[in-house]
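Taking it in order: structure first as structure tokens, then the write-up.
Heavy-atom basis, side chains included; hydrogens, waters and symmetry copies ignored. Remember, it's 1-based here, ligands and their atoms both numbered in the order they're listed. From a predicted model like this one, the values you see are computed outputs, not experimental measurements.
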Amino acid sequence: MTDPKSTEIQLADYAPFSHLIDGVHLTFHLSPKATRVESRIAFRPNPAAKPVSEMFLHGEGLTTLSSTIDGSPVTLTPADQGVLLSVPEGPFSFEAEVQINPAANTALEGLYMSNGMYCTQCEAEGFRRITWYPDRPDVMATFSVRVEGDLPVLLSNGNPGESGPGWAEWHDPWPKPAYLFALVAGDLVAETDRITTCENRDVTLNIWTRPDDAGKATYAMDALKRSMTWDEQAYGRAYDLDVFNVVAIDDFNMGAMENKGLNIFNASYVLASQQTATDVDYQWIESIIAHEYFHNWTGNRITCRDWFQLCLKEGLTVFRDQQFSADMRSAAVKRIEDVLKLRARQFTEDAGPLAHPVRPESFIEINNFYTATVYEKGAEVIRMLHRLVGADDYKKALDLYFERHDGDAATIEDWLQVFEDSTGRDLTQFKRWYSQAGTPRLTFTDDFKDGIYTATFEQETRPTPGQPNKDPQVIPIAMGLLGPNGAEVAETRILEMTETRQSFTFEGLGARPIPSILRGFSAPVILDRKIDAAERAFLLAHDTDPFNKWEAGRALSRETLMALAADGTAPSAAYLDGLMTVASDASLDPAFRALVLRLPSEDDIAQGLFDAGRTPDPLTIHRAAETLRQTIAEHLKPALPALLAAARVDGPYSPDAKSAGQRSLFLTLLSFAARLDDGASAALVYDEADNMTLKQGGLAILLGIGSGADQLVAFHDEWQNDRLVMDKWLSLQASLSEPEQAAEVVAALTEHPLFDWKNPNRFRALIGSFSGNAAAFHRADGAGYDLLANWLIRLDPVNPQTTARMTTAFQNWRRYDADRQGMMRAALQRILATPNLSGDTSEMVTRLLDG
Ligand code: ARG
Ligand code: ZN
């Protein structure tokens, strides 16, 4: 292996590659420990680059058996991350044969093995572990692949060619960068279907799984077909090959990967059955299947010029999958869920040492920038554009984008240019959303005189690492007004804020209105608005915008819990009554009611207290949350039996949004009921459940009230042979064990035979869930920090990418008291001092300590 990277790459240094590629031929002779890869690449000088006599090719961990140019041996001279070779002036053919060891590849990048299957992950820079190649997204080529191996199913990108026993050929007619290359070989079975596209192309759809998972891809197939139809209707984009293959893999670093014509998925986002998957699992499958499919146009047909442009494909594709899910399910509920995720993950990132712009300007390891900022904030930026230009102009701009850039490796400049050209708008200031890190804070004041209502906003973005000063951004503020009787007196207007301080007026009002600000969460900002509980309760009762109705309840819960944690202030009657009203309002969507009744996370409360100038104590917050749940339970008590009965879902299980929403309300209500009967009601639900949603939900409720020991054993005995279900078992214990014991519980579970720590799903289920159990992770004696640090140190040499990602559990270290800060810094320093630490992890830890 070559040395870990340590050089920082700059966006400003971009230069095109010296050569273009007319075609790539690859032959794989598969063997677990000694796979041979033959390559033949037709190069020609790139007219847009300066001529060179030496060409650079990436490569990592390759044993070269031979290398020739136009048939004559050529020397590969080692260089940083690859090799240099002397090349002729004109076009030439480069051929090489290398040997690699997939069985030893535990990093799960490049070609590796999972349960006797071969598979690949090449984004971002995995292809260089397969053969010598200019492994950068702006080098696009057509690939022909021959796979030879002693396995029944041999897959690669594109359309199938000839095949015979032990070999198969594939041809991908669409030029692509190497990061979209894929190969899978194994003993697999397919769920098969077909569709005819709106362009009249007959396409075979296969979802491949291990034979023992047969039958569990039915929902994924249904989601795939709906995604394909939706993209034709919403974006006019049809599929462009004769087959579309999806494969479920057990060992996978991420969620899934959009390789051209051959999507590879983490098995947990494909496999589902009533008995093994929860409603939430089904929802994830639907959205990730859609996400990867949508990449076929936004990512594959139009790709990124360089990795700084990652949000070009990811932000847009997340926005597209959010639109899809909103159309498949309740748009209001989907928006709330997306904002919850944005705040939990992206706002946290923006508030700490890892803050970076949606389009970063430098990096050491690109794998460390597959972040909530690039993905989720990247999607919010597009949502704002959509709102500013309107749905019709957005459609025009996207049509122009596909027309102008099909086949290109494009940039954010290209993306914004199509909006400027098709709408005539100047997006110079808007572009700051791509370059400025940090979450803008919006403060609000208002005034009412002579029938004129004036809303004044001020924006401020705090410094982030490397960016001490911030300029004002364009903030679309969707705002409506309610009259004192709760009726809407001014419909939603988009206020386009561009200055640091700006006022907007509403005329012709009879009385002072109650403002509803940032409807639909129209911008990824923090609205800093001090209003009393009565006004929040009013908005919770009357706001016509579903997002802001929820937001009012959310803010009430958050303030109530913060006050309880800070100085024991008891919840107000207005708050408790407001919850009761929502819980009992049968005219509201059950999923929405469940969201209002769900308390903010302990991490969110910690951030809230920190922002208010206090030092959060995780254990106190945990206890306060328990107390509040108990108080709410007692307040809802008289209504609970009837509410639970009404929320119960009758008939056979179906994962559709409506029944899922009803089950979500049922479980939320049950979590309160269980506090009043020592868990008896939850235990009954657990026993009688015919689906995993209620099983897992019932068990989680029991564990949350310190009960459920028998059910844990029963669950284990029932599901010990199903690895994905056992991940739930590990995860529930790690996230719900009492703060004082969780570290010991988790340490004991690491000895459990099912805990295969080299598998990223297992590792995340146990160690990842533990680090999300705030009160346990931040235990005052530092046991939580040590546990995580020890496991990260152990995992790093095996799987740097997953290790680096999980260091983010430490990103809030500055929020806490001096003792905890000291212990977290010490844990990070201990990781950093580990001999041969990977470049991935050392970049992350350094940023965590310095930022
Ligand atoms: N492009 C994939 C997706 O968003 C994720 C690939 C992640 N790869 C990585 N090296 N971090 O669907
Ligand atoms: Zn993606």
Should Glu109 be listed as contacting ligand 1, given a heavy-atom distance under 4.0 Å as the test? no

Answer yes or no: is there a side-chain heavy-atom contact under 4.5 Å between Pro465 and Asp850? no

Proximal atoms of ligand 1 relative to Glu258 (non-hydrogen, under 4.0 Å): 1 (N), 2 (C), 3 (C), 12 (O)

Cation-pi between Arg237 and Phe402: NZ/CZ under 6.0 Å from ring centre and within 45° of the ring axis? yes

Parallel, tilted or perpendicular, judged at 30° and 60°: which one describes the rings of Trp284 and Tyr269? tilted

Using a strict cut-off of 4.0 Å, indicate which atoms of ligand 1 neighbour a heavy atom of Asn367. 9 (C), 10 (N), 11 (N)

Check whether any N, O or S atom of Glu292, backbone or side chain, sits closer than 2.8 Å to the Zn ion (ligand 2). no

If you count the atoms of ligand 1 from 1 in the order shown, which ones are under 4.0 Å from a heavy atom of Tyr375? 1 (N), 2 (C), 3 (C), 4 (O), 5 (C)

Would you mind running through ligand 1 and noting each atom that sits below 4.0 Å from a heavy atom of Ala256? 2 (C), 3 (C), 5 (C), 12 (O)

Sorted by chain and residue number, the side chain to side chain contact (heavy atoms under 4.5 Å, CB included) partners of Ala124 (sequence neighbours excluded) come out as Trp307, Ile366, Asn367, Tyr370

Could you go through the side-chain hydrogen bond (donor to acceptor under 3.5 Å, both in side chains) check for Asn368 and Glu843 one step at a time? CA-CA 8 Å; Asn368 289 334; Glu843 178 185 28; 2.8 Å; yes

Please name the residue in the list Glu125, Glu60, His58, Arg128 that meets the side chain to side chain donor-acceptor pair (under 3.5 Å) test with Gln81. Arg128

May I ask you to check if Arg345 and Tyr375 form a cation-pi contact, with NZ or CZ under 6.0 angstrom from the six-membered ring centre and within 45° of the axis? no

Angular separation of NE2 (His295) and OE1 (Glu314) seen from the Zn ion (ligand 2), to 10°: 100°

Where ligand 1 meets Lys313 - atom numbers and elements under 4.0 angstrom, heavy-atom basis: 1 (N)

Residue Ala124 vicinity, atoms of ligand 1 by number, heavy atom under 4.0 Å: 10 (N)

Specify whether Tyr133 and Phe143 have parallel, tilted or perpendicular ring planes, treating 30° as the upper limit for parallel and 60° as the lower limit for perpendicular. tilted

Which residue holds the protein heavy atom closest to atom 12 (O) of ligand 1, what is that atom called, and what is the gap in Å? Glu292 OE2, 2.7 Å

Which atoms of ligand 1 sit under 4.0 Å from any heavy atom of His291? 3 (C), 4 (O), 12 (O)

Side chain or backbone of Glu123 under 4.0 Å from ligand 1, or both, or neither, by non-hydrogen atoms? both

